[in-house]
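Take a look at the structure set out below.
One-based numbering along the sequence shown. Because only heavy atoms are used, hydrogens play no part in the values below, and waters and symmetry mates are left out as well, while side chains stay in.
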Amino acid sequence: MTSNKIREIALAHFAKNGYEGASLADISAEVGIKKQSIYNHFKGKDELFLTVFRDAAERELQFTESYLQRSSTAPLKDMLYGFLHSYSKRYEQEDDTRFFLRMAFFPPSHLREEVVEFSNRHLDTIGKLLEQHFTSAAHAGTVHPEVTAVTASAAFIAVLDGMFVELLYGNMESAALRLDASWLVYWRGIRNN
C-alpha cells in the first residue's frame, strides 16, 4: 500500500517539477513517512522515477488500446482525428500524460538512453496497433492504394509526435491550430478519392 502511495505522490511531483525539481523529502512528507522509508521500497530516486515513468507509459498505452477498441467501428477519419483530440484533452487533464510526454522529450540526462529507448518502443507499439486499422481501411478502399498500412501508421505517428511537441512548447490553442493544419494535409495524403 505504501509503495503505491509513494508512486502516486511521486507522479504528481515529477509531473509538476520534473526529475531535478522533485524531492524525495517532499514526496515522503506528503506520503506521511520519513524520507529513509522510501528506501524500503525503492533503491533511490532513479528507480522511483523509472518505475513511475513505466507505470505512466502503461496507462498511456491502456488509454490508446481502449480508445482504439471503442472507436473500431467508426470511420477511419473520425477514429484518427478523435484520437488526436482525445490525447490533447488527456494532456490537459492527466498527470500521467503530462509527466510521460515531458520526460519522453526532456529526460534526466543520466537516464536519457533508457527513457528514450522506452519512449520509442511505446510509439512503435502505438504504430503497430494502428496498422491493423489501416490494413482494414485499405481493404475497404478508404486508404489510397499507394499508401501502405506501415506508411500510413508512421505518418500518423509523426502527426501525433508533432502535436506532442506543440503541447509541450506551446499552448492548447496553438496546438489545436497546428493539429488541424497537419491533419488536413495528412488526411488528404492518405485517403482514396
Side-chain angles (χ1 to χ4, degrees), residues 10-22 49 52-72 74-109 111-112 115-134 137 142-143 147 149-191:
L11 170 64
H13 283 256
F14 286 132
K16 182 180 178 188
N17 305 314
Y19 177 88
E20 289 80 11
F49 172 85
V52 170
F53 183 75
R54 287 185 199 108
D55 290 348
E58 182 59 34
R59 288 187 291 271
E60 292 305 294
L61 192 55
Q62 288 170 359
F63 159 76
T64 300
E65 290 171 337
S66 175
Y67 177 87
L68 293 176
Q69 185 177 15
R70 282 191 325 271
S71 305
S72 63
L76 181 67
K77 180 180 180 182
D78 296 342
M79 181 195 70
L80 295 173
Y81 189 69
F83 179 71
L84 293 168
H85 277 279
S86 293
Y87 224 122
S88 179
K89 285 183 183 178
R90 188 168 169 80
Y91 180 82
E92 274 186 289
Q93 299 168 353
E94 299 291 332
D95 281 345
D96 277 343
T97 306
R98 283 189 302 278
F99 167 69
F100 180 72
L101 292 180
R102 189 175 296 155
M103 292 304 110
F105 282 87
F106 311 109
S109 57
L111 299 173
R112 184 182 190 289
V115 170
V116 168
E117 182 183 324
F118 193 87
S119 300
N120 287 337
R121 279 197 318 265
H122 178 79
L123 282 177
D124 290 345
T125 301
I126 292 174
K128 291 290 184 201
L129 291 170
L130 288 167
E131 281 179 29
Q132 303 166 33
H133 297 278
F134 286 116
T142 305
V143 176
V147 179
V150 172
T151 301
S153 180
F156 183 79
I157 292 297
V159 172
L160 181 64
D161 229 7
M163 182 186 77
F164 290 161
V165 169
E166 192 58 38
L167 289 170
L168 289 165
Y169 281 105
N171 57 50
M172 295 306 291
E173 186 178 309
S174 64
L177 288 172
R178 290 186 181 181
L179 172 60
D180 287 343
S182 298
W183 172 255
L184 176 68
V185 173
Y186 171 78
W187 183 250
R188 284 188 177 178
I190 71 159
R191 75 177 182 198

Step by step, work out the ring pair (Phe, Tyr, Trp, His ring centres under 6.0 Å) result for Phe164 and Phe106.
CA-CA 12 Å; Phe164 290 161; Phe106 311 109; over 10 Å; no

Please report the C-alpha distance between Met163 and Ser88 in whole Å, then the side-chain angles of each, then the deciding distance to 0.1 Å, and finally whether the side chain to side chain contact (heavy atoms under 4.5 Å, CB included) criterion is met.
CA-CA 8 Å; Met163 182 186 77; Ser88 179; 4.1 Å; yes

Should Tyr87 and Tyr67 be marked as a ring pair (Phe, Tyr, Trp, His ring centres under 6.0 Å) after you check the CA-CA gap, both sets of side-chain angles, and the distance that decides it?
CA-CA 10 Å; Tyr87 224 122; Tyr67 177 87; 9.4 Å; no

Is there a side chain to side chain contact (heavy atoms under 4.5 Å, CB included) between Met79 and Ser72? Walk through the geometry before answering.
CA-CA 7 Å; Met79 181 195 70; Ser72 63; 5.7 Å; no

I would like to know whether Arg54 and Glu58 meet salt bridge (charged side-chain N to carboxylate O under 4.0 Å, His left out); could you show each step before the answer?
CA-CA 6 Å; Arg54 287 185 199 108; Glu58 182 59 34; over 6 Å; no

Side chain to side chain contact (heavy atoms under 4.5 Å, CB included) between Val143 and His133: does it pass, once the steps are laid out?
CA-CA 10 Å; Val143 176; His133 297 278; over 6 Å; no

With side chain to side chain contact (heavy atoms under 4.5 Å, CB included) as the criterion, how do Phe63 and Ser86 come out once you've worked through the C-alpha distance, each side chain's angles and the decisive distance to 0.1 Å?
CA-CA 10 Å; Phe63 159 76; Ser86 293; 3.9 Å; yes

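Here salt bridge (Lys or Arg N to Asp or Glu O under 4.0 Å) pairs that include residues 75-92, with residues two or more places apart or in two chains, are Glu60-Arg90.
Taken to the nearest 0.5 Å, the CG atom of Leu129 stands 5.5 Å off from the CD atom of Glu65. Going from atom OG1 of Thr97 over to atom CG of Leu167 covers 10.0 Å, rounded to the nearest 0.5 Å. If you take CG on Leu80 and CZ on Phe156, they are separated by 4.5 Å, rounding to the nearest 0.5 Å.
Within a 6.0 Å sphere centred on CD of Glu173, other residues, nucleotides and ligands contribute 12 heavy atoms or fewer. The environment of CZ in Arg59 is crowded: more than 12 heavy-atom neighbours from other residues, nucleotides or ligands sit within 6.0 Å.
Just one of Phe49, Phe105, Tyr91 meets the ring pair (Phe, Tyr, Trp, His ring centres under 6.0 Å) condition when paired with Phe99; it is Phe49.
A salt bridge is absent between Arg121 and Asp124; no separation between the charged side-chain nitrogens and carboxylate oxygens falls under 4.0 Å.
Looking at heavy atoms from C-beta onward, Phe83 lies out of side-chain contact with Ser71 at the 4.5 angstrom threshold.
With Ser153 contributing its side chain and Ala149 its backbone, the two residues share no donor-acceptor pair below 3.5 Å. Side chain of Ser66 to backbone of Gln62: no donor-acceptor contact under 3.5 angstrom is found.
Contact between Ala57 and His122 at its shortest, heavy atoms only, is O-CE1, 3.5 Å.
Scanning for side chain to side chain contact (heavy atoms under 4.5 Å, CB included) contacts around Leu177 gives an empty result, with sequence neighbours left out.
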